[in-house]
Amino acid sequence: MKRLLHPPLILGTIVLAGVVVMALLAQRLFPGDPMDMVAVPFTWPGQDETVPLGSDLMGRDLLAGIFHGARVSLLVGASAATIALTIGVTIGAISGFYGGAADAALGRITEFFQTIPAFLLAVILVAIMRPSIGTIILALGISSWTGVARLVRAEFLTLREREFVRASEALGASDLHLITREILPNALTPILASTGILVAQAILSEAGLSFLGLGDPNLISWGSMIGIGRDALRTGWYMSAIPGAAIMLTVVALNFLSDGLHAVLSPRTSLRNA
Amino acid sequence: MIRRLLTHLLRLVFIVLAIAVLNFALLKSLPGDLADVVATESGAASSEQVAELRERFGLGRSVPAQLASYVGGVLRGDLGMSFRFGEPVAQLVLGRLPATITLVGLALPISVLLGMGLGMLSARRPNGLVDAALSLLSTLGYSAPMFWTALMLIVAFGVKQPWFPVGGIRNVTAGYTGLRDLVDVLWHLVLPTATLSIYYVAIYARLYRASLIEQLAEDYIRTARAKGAREGRVMFGHALRNATLPVLTMLGLQSSAVLGGSIVIETVFAWPGLGQLSFEAVRSRDVQLLLGVLLLSGILVVLTNLLVDLLQTRLDPRIRHRSLGASS
């Protein structure tokens with residue numbers, strides 16, 4: 001238990017918990033549409049106490065935007081990571097467990113997805129499917145699973161040959177049992193540690209998409225706030241600085257969490273290197 | 001060696017074919033017939049262009065025949081027309097290639113070299129004060145969204161202290177030529193390169209740190225130290241070369257991410273490369289152009305991996321001999 005007192009792990013957990021609370025309280029603390037005009041445009045932070053973080057060039061409350069944007073970032077991050085994990089674990093598990101032709105074929109698919117730029121693929125998918133929070137989640141999930149697949153495949157390759165798996169096999173266990181009950185639980189640690197990085201990447205990518213104008217037009221997101229602020233970069237740089245700092249803080253927290261879990265749970269493999 | 005080149009060539013063919021098929025599937029997945037889709041999505045096609053498209057996609061024929069004709073066209077270098085620019089897609093993407101290669105080709109070596117230096121500083125005393133400070137800095141470096149770093153650099157060094165130009169590749173109105181023009185382009189490169197480098201220095205510092213720590217724990221390092229080699233010689237003469245191999249592998253794997261990242265950077269700095277082109281394609285819903293960029297990016301990534309492979313072969317005699325053994 002003492003190992004859990006890893007400073008980055010604690011710090012990351014606290015910051016992330018803060019962001020989750022922000023997302024949960026967004027509707028209660030800032031009811032109404034965060035895209036409505038509530039203050040004089042170009043109010044700098046600290047100038048007007050009703051809008052502590054200032055207002056943007058359309059007079060929207062930046063603090064309300066940060067709270068509501070937290071919901072989008074967390075939702076997209078968690079959902080896209082879930083999709084990526086599902087695809088990656090399935091493909092990696094089948095590759096590593098069966099080997100041979102299945103491995104070769106899936107290896108080709110993985111290699112293909114590794115070769116085309118993930119962000120470009122996401123941009124194309126969202127542009128073709130029309131931007132909405134659902135299509136963004138789907139596109140980011142589809143374009144970011146290769147690291148997990150490689151990691152899971154490697155874990156399965158080694159665990160497959162271990163004695164407890166052999167024993168279970170000799171007792172007549174089905175493949176499904178071997179994969180889900182014997183091997184997967186033992187591969188969970190590195191997968192878990194990598195999830196933080198997946199969520200962080202999805203949050204960064206969503207911000208990038210929204211910044212490029214490919215966000216959900218009905219929702220305010222940290223990335224779209226930076227995109228709006230960009231138009232007033234010379235006169236009101238705080239409009240892009242503040243949401244950017246929110247993204248960075250959240251992503252740092254996730255990276256800390258991931259590194260911490262990694263250090264605490266398993267010193268072996270890491271997704272970032274995959 | 002020949003065998004390795006052949007492997008890469010096969011990969012290239014596979015990737016080109018696969019991207020062509022993916023492109024076709026994406027076009028097919030859009031509602032309406034292909035010609036309508038491309039024409040209405042772009043919103044600027046004339047009726048002759050629509051007819052030309054119908055002809056090109058062979059829309060009267062079966063789906064496999066359409067696929068075959070599309071893939072055949074791609075293999076001949078025919079990527080269709082861009083409606084946004086009224087130019088062949090192939091010509092457009094190739095025209096934008098040099099700017100992207102300049103930017104990435106400058107930023108990546110800088111990042112690897114700086115990352116190597118910082119990684120060495122960290123690995124000398126893992127978990128020491130220097131290492132902790134550098135780890136924190138690098139976490140900040142790869143946690144900031146790149147486009148945001150770009151904007152903040154613009155505010156600091158383009159607006160508050162107007163030292164560097166904040167957009168474009170050269171000063172068009174000045175009409176410089178020769179050396180003066182080169183200096184002008186380099187001047188325009190400073191901020192975009194700095195943005196990319198901040199992110200990738202952080203990544204490579206982390207990679208080099210991990211890789212060096214692993215190498216410094218090996219037996220051959222103990223042997224070198226036992227022989228009385230100084231720390232500098234141990235680091236530069238022994239550990240660094242071996243620690244570079246996994247970092248190079250990562251460089252190859254990441255080349256596609258670098259290209260993806262250049263979309264936002266080029267958009268922010270109005271840098272006339274592939275990234276900016278794909279953004280313009282998205283804005284005007286020019287699907288054909290987007291797919292052309294995707295294809296060229298795939299080819300670039302395969303070629304980068306080829307380059308990495310050659311470099312590794314030079315660095316590591318074990319790979320060299322394995323490949324000799326395999327081809328003889």
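All heavy atoms count here, side chains included; hydrogens, waters and symmetry mates do not. Computed from a predicted structure; not experimentally measured.
For A/Ala207, the parts sitting under 4.5 Å from any heavy atom of chain B are the backbone and the side chain alike. For B/Ser278, the part lying under 4.5 angstrom from a heavy atom of chain A is the side chain only. The part of A/Leu214 that comes within reach of chain B is its side chain, from C-beta onward, which places non-hydrogen atoms under 4.5 angstrom from that chain. Of the atoms belonging to B/Ile299, not a single heavy atom falls under 4.5 Å from chain A. Neither the backbone nor the side chain of B/Leu300 comes within less than 4.5 Å of any heavy atom of chain A. B/Val293 touches chain A through backbone and side chain together, each having a heavy atom under 4.5 Å away. With a threshold of 4.5 angstrom between heavy atoms, B/Ile154 approaches chain A through side-chain atoms but not through N, CA, C or O.
B/Asp131 places a side-chain heavy atom less than 4.5 Å from the side chain of B/Arg209. The shortest side-chain heavy-atom distance between A/Met239 and A/Trp44 does not fall under the 4.5 Å cut-off. Looking only at side-chain heavy atoms (C-beta outward), B/Leu296 and B/Leu274 come within less than 4.5 Å of each other. Looking at heavy atoms from C-beta onward, B/Met152 lies out of side-chain contact with B/Phe157 at the 4.5 angstrom threshold. In this structure, the side chains of A/Phe256 and B/Thr139 come closer than 4.5 Å at one or more pairs of heavy atoms. In this structure the side chain of A/Trp222 reaches within 4.5 angstrom of the side chain of A/Thr250, judged on heavy atoms.
A/Ile66 approaches A/Ala246 most closely through the heavy-atom pair CD1-CB, 4.1 Å. The two residues B/Ala243 and B/Pro246 come nearest to each other via the heavy atoms O-CD, 3.4 Å. Residues B/Thr267 and A/Arg230 approach most closely at O-NH2, 3.4 Å, considering heavy atoms.
In this structure, the ring of A/Phe211 has its center less than 6.0 angstrom from the ring center of B/Phe147.
With respect to chain A, the highest number of heavy-atom pairs below 4.5 Å among B/Asn305, B/Ile263, B/Leu259 belongs to B/Ile263. Chosen from A/Val123, A/Ile247, A/Leu121, A/Ile124, the residue pairing most often with chain B at heavy-atom distances under 4.5 Å is A/Ile124. Of the listed residues (A/Gly223, A/Gly213, A/Pro8, A/Ala245), the greatest number of heavy-atom pairs within a distance under 4.5 Å of chain B belongs to A/Ala245. Ranked by non-hydrogen atom pairs under 4.5 Å with chain B, the options A/Leu212, A/Leu254, A/Ile116 are led by A/Leu212. Each of B/Val302, B/Leu291, B/Ile15, B/Thr304 has some count of heavy-atom pairs under 4.5 Å with chain A, and the biggest count is that of B/Ile15.
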Could you go through the salt bridge (charged side-chain N to carboxylate O under 4.0 Å, His left out) check for B/Asp309 and B/Arg11 one step at a time? CA-CA 13 Å; B/Asp309 199 18; B/Arg11 260 182 83 190; over 6 Å; no
Run the side chain to side chain donor-acceptor pair (under 3.5 Å) check on A/Ser132 and A/Asp216 step by step: do they pass? CA-CA 4 Å; A/Ser132 80; A/Asp216 191 317; 4.9 Å; no
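Residues from residues 105-112 of chain A that place a non-hydrogen atom less than 4.5 Å from a non-hydrogen atom of chain B comprise A/Arg108, A/Glu111, A/Phe112, given in numerical order. Scanning residues 160-168 of chain B against chain A with a 4.5 Å heavy-atom cutoff picks out B/Lys160, B/Val166, ordered by number.
Side chains of A/Gln114 and B/Ser256: a donor-acceptor N/O pair is absent below 3.5 angstrom, by distance only. Looking only at atom types and distance, the side chain of B/Gln312 has a donor-acceptor partner in the side chain of B/Thr249 under 3.5 Å away.
Listed for the A/Ser95 side chain is no donor-acceptor partner under 3.5 Å among the backbone atoms of A/Arg153.
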